[in-house]
Amino acid sequence: MSTPFLVQALAVLSAPALGAVALTGLRLRRRVTDAESREAALRLRVEELTAERDVLQRTASCDPLTGVWNYRHLQLTLDREVERARRVDPGAAPRPLALLMLEIAGFESVVAEHGRARGNAILRDLAQRLSVEIRRSDTLGRYGGEEFLVVLPDTGLDGAVQVAERLCWTVRRHQLLDWSPAGAEPGRVSGRNGLTAAVGIAVLPEDGAHAALLLRAADRALGAARAGGGDGWRGAAELTGEGPEGPAGAAEAVEITGNLSPGADEVSLTPAGTAHSTAAVAAGHDAGP
């Protein structure tokens, strides 16, 4: 058999095999392309589901009225931070942790004049303003009504007092959207909005080693600040030995009456026994030095 004939015979015999190989390669490429398309679609779907999950988690953890963290998130955060503060080497002192319970007073005037919807809008605006007055590592949330809770990790009493003073000043001086009281209100201090804040401070471990104890201590301190006229703070440690008639030998609550804004040259702190009301504070400012 001649070589040309043999070559032609082999070409004829191998043509189907070559076609089958080419078809198989084409099918494999199509399968790979389809797999890549399905993988890309799955990745896109996973990203969409992850984004939806994050939105749902954020929605479930946020207060629908004010937009800050809600009660459930506050509980989880406080439990986590208490456990973190107590997780130290044997024999070492727990890491500092402070808790502020803040109550805003004065919304009755807003609601009475402009309705509940307007009052809610102002409360949301003020809550958002308060949230920028704390560190990113801190947590501010709505505890209920006009009450807010602030969790301050790695913060002792001195740091908590500074935050409480700043929040009280913010509540007192914050511009309430475009709302202003109708007419001059007797005793209203110029530049104020009619709102005040009372703050109760509790610190771990001095006022409690667990979340429930800290909340109870902060609530008692808030009650003392409220009873003292508001517009100031009280520490739970000041209430040690408190009986039915009030604190026995406890330090006087401090009523903040100075300008605590950034860049202020002086901060005037007046004992609560000297000025319990906005009217008394206004009289002191009007009298001058």
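Quick note: residue numbers are just sequence positions, from 1.
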Measure the shortest side-chain to side-chain distance between L204 and E81 over non-hydrogen atoms and say whether it is less than 4.5 angstrom. no

Value rounded to 0.5 Å, distance of OG1 in T50 from CZ in R53: 5.5 Å

Which residue pairs pass the ring pair (Phe, Tyr, Trp, His ring centres under 6.0 Å) test with at least one member in residues 133-152, sequence neighbours excluded? Y71-Y143

Please check if the side chain of R124 supplies one atom and the backbone of L65 the other of a donor-acceptor pair under 3.5 Å. yes

Output for pair (D63 CG, L123 CG), nearest 0.5 Å, gives 8.0 Å

Decide if atom CZ of R116 counts as having more than 12 heavy atoms of other residues, nucleotides or ligands within a radius under 6.0 Å. no

Do V163 and L222 share a hydrophobic cluster (ILVMFWY, side-chain heavy atoms under 4.5 Å, transitive)? no

Heavy-atom check, side chain of E108 versus side chain of V111, under 4.5 Å: no

Hydrophobic cluster membership, I134 vs W233, 4.5 Å side-chain cutoff: yes

So that I can tick it off, tell me whether D219 and R226 are bridged by a salt bridge, with the cut-off set at under 4.0 angstrom between side-chain N and carboxylate O. no

To the nearest 0.5 Å, what is the distance between CG (L140) and CG (L149)? 8.0 Å

May I ask you to test the L99-V151 pair for a side-chain heavy-atom distance under 4.5 Å? yes

Flag if over 12 foreign heavy atoms under 6.0 Å of CG, D158: no

Using a 3.5 Å cut-off and no angle test, enumerate the donor-acceptor pairs between side-chain atoms of residues 30-47 and protein atoms at least two apart in sequence or in another chain.
from: T33; atom 1: OG1; to: R29; atom 2: O; distance (Å): 2.8
from: S37; atom 1: OG; to: T33; atom 2: O; distance (Å): 3.0
from: E39; atom 1: OE2; to: R43; atom 2: NH1; distance (Å): 3.1
from: R45; atom 1: NH1; to: E48; atom 2: OE1; distance (Å): 3.3

Heavy-atom distance under 4.5 Å between the side chains of L102 and V150, does that happen here? no

Output for pair (H210 NE2, L78 CG), nearest 0.5 Å, gives 12.0 Å

So, taking the atom named CD in Q162 and the one named CG in L152, what distance separates them when rounded to the nearest 0.5 Å? 11.0 Å

If you take all heavy atoms of L126 and H174, which pair is closest and at what distance? CD1-CD2, 3.6 Å

Exam field: side chain N70 to backbone A60, donor-acceptor pair closer than 3.5 Å: yes

Nearest heavy-atom pair of C168 and A197: which atoms, and what distance? SG-O, 3.7 Å

Counting C-beta onward and ignoring hydrogens, is there a side-chain heavy-atom pair between L157 and E206 closer than 4.5 Å? no

Measuring from atom CG of L215 to atom CZ of R220, what distance do you get when rounded to the nearest 0.5 angstrom? 11.0 Å

For residues L195 and V199: do they belong to one hydrophobic cluster (side chain heavy atoms under 4.5 Å, members Ile, Leu, Val, Met, Phe, Trp, Tyr)? yes

Test item: V171 and L167 side chains (from C-beta on) under 4.5 Å apart, heavy atoms: no

Mind jotting down which residue pairs meet the ring pair (Phe, Tyr, Trp, His ring centres under 6.0 Å) criterion with at least one end in residues 26-67? Sequence neighbours excluded, please. none

Can you name the nearest heavy-atom pair linking G232 to A225, along with the distance? O-CB, 4.0 Å

Side chain to side chain contact (heavy atoms under 4.5 Å, CB included) between T139 and H73, worked out: CA-CA 9 Å; T139 302; H73 185 83; 4.2 Å; yes

Could you check if a side-chain atom of Q128 sits within less than 4.5 angstrom of a side-chain atom of V68, using non-hydrogen atoms only? yes

Minimal non-hydrogen separation, L100 against A164, with atom names: CD1-N, 4.0 Å

With no hydrogens and no angle check, is any side-chain donor or acceptor of D125 less than 3.5 Å from a backbone partner on A121? no

Heavy-atom closest pair (P153 atom, R84 atom, distance to 0.1 Å) is CB-NH1, 3.9 Å

What are the two closest non-hydrogen atoms of A221 and I201, and how far apart are they? CB-N, 3.7 Å

